[in-house]
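Single-structure report; data block below.
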Amino acid sequence: MPPNFVTDVIDADLTSGRVHQVVTRFPPEPNGYLHIGHAKAICLDFGLARDYGGRVHLRMDDTNPTTEDPEYVQAIQDDIAWLGFEWDELRYASDYFEALYQLALQLVERGLAYVDSQSEDAIRETRGTLTRPGIASPYRERSVPENLDLFRRMRAGEFADGAHVLRAKIDMASRTIVLRDPVLYRIKHAHHYRSGSSWPIYPLYDFAHPLSDALEGITHSLCSLEFENNRAIYDWLVAHLFPEPRPRQYEFARLDITHTVLSKRKLIALVRGGFVAGWDDPRMPTIAGQRRRGVPPAAIRAFATRVGVTRSPSRSEVALLDESIRDALNPVAPRVMAVTDPVPLELQGLPPELFEVAAPRFPDQPDSPTRQVPISARLLIERDDVALEPPAGFKRLAPGRAVRLRHAFVARCDAVELDEEGAVRAVRASVVPDSLGATPEGVRVWSAIHWVDAEAGAEAEFRLYDHLFDSDDPDAGDVPFTEHVAPDSLVVRLGTVEPSVLKDAPDTRYQFERLGYFWRDPDDGRADRLVFTRIVPLKDGWSKQRRAASPAGPRPSEQASDVDAGTPGPATTSPAASSRAASSVAPAQDDGDPIARLEGSARQQAERLRDQHGLEPAAAALIGASREFQQLFEQGLAAGAPGSDLAAWIANDVQRLRKLHGSVPSGLDGAALASLLTLVRERRVSVRSAREVLDEVARSGRHPETVVAERGLALQADPAALSAFVRDALSQHPDEVASYRAGKRGLLGFFVGQVMRASGGQADPAAVRAALTEALEVPQDG
RNA sequence: UGGCCCGUCGUCUAAUGGCAGGACAACCGGUUUUGGUCCGGUCGGUCGGGGUUCGAAUCCCUGCGGGCCAGCCA
């Protein structure tokens with residue numbers, strides 16, 4: 001697995017010794033089928049465990065008895081195994097019901113949870129809104145004994161559904177809504193597929209999930225971005241109930257792909273609405289659908305690797321998936337000929353003793369095995385390969401033109417017969433002599449086309465699947481997404497295939513030359529009937545060229561987005577498009593006076609800082625608005641630091657530390673800051689080193705002078721040492737020197753970087769720059 | 001409207017203060033008995049504004065854009 005932000009975290013945890021072995025988990029709820037979005041998560045969870053020599057648990061997150069079904073438990077395992085992963089342990093959240101109950105009791109005993117007897121509606125209404133805090137339940141201050149009694153009776157089944165819930169006692173006014181006393185347990189007299197009727201209460205996700213992780217010793221709990229907010233309760237619970245090392249949650253962007261939908265709800269709608277033939281319809285993004293279609297699991301793993309793991313919400317092009325599939329199939333799929341839309345071809349002049357030709361199964365490989373392909377005077381060829389009046393750029397069969405019959409002769413078209421409708425009924429052609437396995441002299445061969453012997457070929461059904469939606473974003477716009485289902489996402493044709501396929505293993509994946517990758521449908525095509533499912537078409541330069549040249553207007557998908565873009569009202573353009581549009585028309589902005597935006601004493605302070613100390617309004621506003629910063633500033637000033645320098649350091653670097661730690665580190669005071677500034681002013685450390693010193697001072701509270709001395713960060717000003725660094729940098733990068741002298745002046749920064757790094761950040765950058773410029777400007781002799 | 005998160009070629013993603021790189025897509029060319037593969041090349045990007053720094057995609061401020069959160073779902 002290529003490095004990503006999660007592997008960065010793991011690397012840091014391993015080197016710091018916070019954890020010694022990586023333990024991950026994949027936690028599906030058994031209430032539906034896995035899809036390719038889950039596959040991304042699976043590749044991450046299982047791949048991490050594999051790459052780090054760790055362990056991975058498959059855990060059924062089965063805490064809601066009314067939605068879950070054992071059928072899915074098996075399907076999920078099958079899908080993961082098919083993807084090529086093995087779990088170290090299979091777990092069930094329902095196995096932890098007793099342990100979780102005990103943990104909840106602990107919370108109650110410690111006054112950290114209470115039984116709320118409000119109605120569901122009342123709880124919702126008192127939770128507040130995004131902008132308004134919630135208000136406390138009248139039951140919030142129940143005594144511990146009363147809560148204990150009530151919660152035990154909930155567990156004993158004494159109350160009806162909805163009569164009470166257990167809530168964490170956190171903060172009804174929290175700006176993080178998930179912390180406004182989240183519900184931990186609800187009463188549900190329902191049969192659970194594993195625990196039966198032994199539990200009348202069930203824990204909610206926010207309670208069960210973090211604690212299941214902790215119970216299992218999970219170290220890195222990966223989930224998708226929509227659980228970001230839930231991390232607050234995750235951390236609260238494990239911090240109150242478990243010692244370190246506690247599991248930590250990290251969120252990544254879920255997979256999204258063009259020309260499909262990936263939400264459970266929409267997938268169900270497609271199945272229920274009859275838009276597809278079922279969960280394993282080859283057009284479905286489900287694992288089952290992809291498997292049925294013939295996609296190799298390695299292709300899905302490769303795709304998951306190629307999209308990467310980040311925290312940026314993103315949407316990948318389906319072309320990347322298609323290409324991953326072709327990539328996986330191309331080296332392993334034997335080539336075979338099939339005709340999906342047959343037209344008869346009558347051949348004149350075939351050598352009478354010739355009944356078959358040998359054709360390589362892997363034409364690109366020199367020692368490829370071959371198969372025998374029957375040939376006779378009556379062949380079938382693809383309708384698309386014939387034109388009575390060939391359009392511009394057409395390279396296939398037309399009257400008077402000669403083409404190679406793939407793996408066999410060159411044939412010249414003598415006539416094209418049409419039926420009453422003007423469609424091609426048959427083609428007559430003559431064999432060009434001596435063209436079997438040889439290039440005939442003086443004949444223009446336009447291209448090669450595939451064919452199958454009319455008599456010896458095997459009749460077959462071809463299911464030509466394409467992307468389910470013709471719109472790249474079926475959800476965009478104000479019509480239901482199902483309106484975008486492509487009518488031609490499945491085209492069924494009757495045709496013929498060369499008989500060699502009858503001898504192959506039934507699960508062989510082929511490339512039908514010039515058409516695409518196919519395999520026999522595992523449900524309908526493995527017995528007597530030959531039914532081939534198209535896994536993915538080949539890239540098709542010709543149809544692309546025709547589409548580009550076509551004056552008939554945009555394709556359906558383009559049409560759809562055009563309509564969307566032109567529709568007034570709610571924005572329906574893509575995120576990228578709208579942000580571009582917005583930024584290109586954004587007026588030159590007037591930030592106004594940052595001090596004027598402040599209120600009350602903050603504003604007074606800011607004005608005072610500006611007027612008394614001559615600070616820039618931005619810095620004054622920043623410092624004036626924060627008591628910590630003000631104190632730091634005053635202290636620094638008292639220690640003799642110049643106001644403007646002090647302000648700049650506070651605004652930039654102290655601000656950075658405060659964001660990192662949540663507050664100004666206690667080790668840092670104004671006096672320390674002032675003496676650091678003195679070091680910089682007296683050119684005893686570089687600014688770069690000074691930052692490093694600041695971090696260390698903040699961490700340890702030691703004096704800047706001490707840190708500089710101990711770490712050897714004093715500014716390197718010795719000209720001899722400097723020029724040695726410069727010489728080394730130049731001699732180690734001769735190519736860059738040449739580029740620089742050829743005019744690539746941007747490389748100066750590169751060289752400064754090299755020298756700075758070689759000096760451990762201690763060189764005086766201005767001096768380095770000067771020395772480098774001089775050394776680079778004067779080319780040495782030779 | 002409060003909080004949290006995210007903005008790098010058309011798309012996905014690297015660069016951990018030091019040469020903005022890769023893949024897919026698009027385009028052009030070469031090889032080819034597949035309009036495929038393979039090979040070579042081209043096009044194309046740090047959301048805007050300010051600041052810190054010798055040096056900013058990266059650090060700070062700000063604006064803009066996007067995502068998530070007000071289930072007794074997960």
Side-chain angles (χ1 to χ4, degrees), chain A residues 2-3 8 27 29 31 61 63-64 67 120 123-124 127-132 134 161-162 165 174-178 180 183 185-188 204-205 209 225-230 232 251 253 258 306-308 310-317 319-320 323 326 330 335 363-364 395-396 404-408 410 437 439 445 447-450 511 513-515 538-545 575-576 578-580 582-583 586 588-589 591 594 616 618-619 621-622 648-649 651-653 655-656 659 687-688 691 736 739 744 746-754 756-757 764-766 768-769:
Chain A
D8 289 349
E29 184 187 15
N31 72 344
D61 217 347
T63 57
N64 186 352
T67 59
E120 197 172 338
I123 288 178
R124 182 167 43 246
R127 185 150 31 224
T129 69
L130 296 177
T131 52
R132 227 183 24 249
D161 287 8
V165 292
S174 173
R175 306 226 245 207
T176 306
I177 291 178
V178 77
R180 314 235 260 234
V183 175
Y185 268 91
R186 77 280 219 187
I187 300 173
K188 232 177 191 169
L204 274 93
Y205 170 88
H209 190 81
L225 242 25
E226 69 263 30
F227 293 99
E228 251 175 310
N229 299 299
N230 304 64
E251 312 87 19
T258 61
R306 300 221 265 193
V307 297
T310 69
R311 290 176 61 80
S312 313
S314 60
R315 183 178 178 82
S316 298
E317 289 178 350
L320 187 60
E323 186 56 15
R326 285 189 286 256
N330 178 44
R335 270 56 169 175
D364 291 339
K395 299 200 299 195
R396 284 108 100 145
R404 168 75 63 181
L405 295 173
R406 177 77 169 149
H407 304 302
V410 173
T439 309
V445 179
S447 65
I449 66 172
H450 59 276
Q511 186 197 102
E513 288 197 81
R514 304 210 303 131
L515 296 175
L538 250 28
K539 281 190 204 164
D540 184 353
W542 171 234
S543 71
K544 194 158 61 179
Q545 187 181 326
S578 57
S579 87
R580 262 201 317 280
S583 58
Q589 74 225 17
D591 286 343
E616 295 292 321
L622 192 90
W649 275 80
N652 287 291
D653 292 285
Q655 179 94 239
R656 172 175 55 86
K659 279 172 79 167
V687 174
R688 183 199 183 88
R691 266 201 200 102
E736 284 80 4
S739 304
K744 195 171 174 187
L747 282 171
L748 184 61
F750 164 74
F751 285 113
V752 175
Q754 293 301 312
M756 290 303 290
R757 184 168 294 164
D764 177 0
V768 170
R769 181 170 285 258

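So you know, we letter chains A, B, ... as the sequences are listed, proteins then strands, and number each from 1. Note that the structure is predicted; figures quoted are calculated from it, not measured.
Looking at heavy-atom distances under 4.0 Å, A/Ile123 makes contact with a base. Within 4.0 Å of A/Ala651, counting heavy atoms only, lie sugar-phosphate atoms of the nucleic acid but no base atom. Residue A/Phe227 is classed as a base contact, given a heavy-atom separation below 4.0 Å to a base. Across all strands shown, A/Arg315 has heavy atoms under 4.0 Å from sugar-phosphate atoms exclusively, and none from any base. When heavy atoms are screened at a 4.0 angstrom cut-off, A/Gly437 is found touching base atoms of the nucleic acid. Among the protein residues, A/Thr63 comes within range of the sugar-phosphate backbone only, with heavy atoms under 4.0 Å from sugar or phosphate atoms but none that close to a base. Residue contacts shown for A/Asp161 are absent, as no nucleic acid heavy atom lies under 4.0 Å away. Looking at heavy-atom distances under 4.0 Å, A/Ser314 makes contact with sugar-phosphate atoms alone, never a base. Within the nucleic acid shown, A/Val307 comes within 4.0 Å of sugar-phosphate atoms alone, with no base atom in reach, counting heavy atoms only. Among the atoms of the strands shown, only primed sugar atoms or phosphate atoms (P, OP1, OP2) are found under 4.0 Å from some heavy atom of A/Glu29.
The two residues A/Arg311 and A/Leu225 come nearest to each other via the heavy atoms O-CD2, 3.5 Å. Nearest heavy atom pair, residue A/Pro27 against residue A/Asp61, reads O-CB, 3.7 Å. Across all their heavy atoms, A/Val307 and A/Ser316 have their closest contact at CG1-OG, 3.4 Å. Residues A/Thr176 and A/Asn229 approach most closely at CG2-O, 4.3 Å, considering heavy atoms. Taking both residues in full, the closest heavy atoms of A/Leu747 and A/Glu736 are given as CD1-O, 3.4 Å, listed atom of the first, atom of the second, then distance. The two atoms that bring A/His450 and A/Glu513 nearest to each other are ND1-O, 3.6 Å, heavy atoms only.
Rounding to whole angstrom units, CG of residue A/Leu225 and P of B/C68 are separated by 10 Å. A/Arg406 has its CZ atom 13 Å from the P atom of B/U32, to the nearest Å. Atom CG of A/Asp653 and atom P of B/A56 are 15 Å apart (whole Å). Atom pair A/Glu120:CD and B/A70:C1' shows a separation of 14 Å (rounding to whole Å applied). Atom CZ in A/Arg311 sits about 13 Å away from atom P in B/C4, given to the nearest Å. As rounded to whole Å, 13 Å separates atom P of B/U34 from atom NE2 of A/His450. Atom CZ of A/Arg127 is separated from atom C1' of B/G3 by 16 Å (rounded to the nearest Å). Distance A/Asn64 CG to B/C73 P: 6 Å, rounded to the nearest Å.
Side-chain atoms of A/Asp540 and base atoms of B/G35 include no donor and acceptor less than 3.5 Å apart. Side-chain atoms of A/Asn229 come within donor-acceptor range of the base of B/G3, with a qualifying N/O pair under 3.5 Å. Under 3.5 Å, the side chain of A/Gln545 and the base of B/G35 form at least one donor-acceptor pair of N or O atoms.
Comparing B/G35, B/U16, B/U53 against the side chain of A/Val687 picks out B/U53 as the nearest. When distances run from any side-chain atom of A/Ser312 to the nucleotides B/C60, B/A14, B/C6, the shortest one goes to B/C6. In this structure, of B/C68, B/G67, B/U33, it is B/C68 that holds the atom nearest to the side chain of A/Glu226. When the nucleotides B/U52, B/U37, B/A74 are ranked by their closest atom to the side chain of A/Arg691, B/U52 comes out on top. Candidate nucleotides B/U52, B/U34, B/C72 were compared by shortest atom distance to the side chain of A/Gln511, and B/U34 ranks first. Between B/G2, B/C60, B/U34, one nucleotide has an atom nearer to the side chain of A/Leu538 than all others, and that is B/U34. Among the nucleotides B/C72, B/G35, B/U16, the one closest to any side-chain atom of A/Asp8 is B/U16. The side chain of A/Arg404 has B/U33 as its nearest neighbour among B/U34, B/U33, B/G2.
Contact check for A/Arg514 versus A/Arg406: no side-chain heavy atoms found under the 4.5 Å cut-off. Looking at A/Arg656 and A/Lys659, their side chains never come closer than 4.5 Å, going by heavy atoms from C-beta outward.
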>> Dot-bracket for RNA chain B, please. Rules: Watson-Crick or G-U, both distances under 3.5 Å, ( ) within the strand, [ ] when a pair crosses earlier ones, | for another strand, . otherwise.
In response: .((((((..((((....[..)))).(((((.......)))))....(((((..]....))))))))))).....
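Judged as a salt bridge (charged side-chain N to carboxylate O under 4.0 Å, His left out), and not counting sequence neighbours, A/Lys395 has no contacts.
Both A/Leu130 and A/Arg335 lie near RNA chain B, and the one whose nearest nucleotide falls closer to the 5' end is A/Leu130. Comparing A/Tyr185 and A/Thr176 by the nucleotide of RNA chain B whose heavy atom lies nearest to each, the residue mapping closer to the 5' end is A/Thr176.
Residue A/Thr67 has no polar side-chain atom (N or O) positioned under 4.0 Å from OP1 or OP2 of B/A74. An OP1 or OP2 oxygen of B/A74 is reached within less than 4.0 angstrom by a side-chain nitrogen or oxygen of A/Arg186.
Annotated as anti: B/G44, whose O4'-C1'-N torsion sits more than 90° from 0.
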>> Each nucleotide in nucleotides 18-28 of chain B should get exactly one letter: B, S or -. Can you fill that in based on protein heavy atoms under 4.0 Å?
In response: BB---SSSSS-
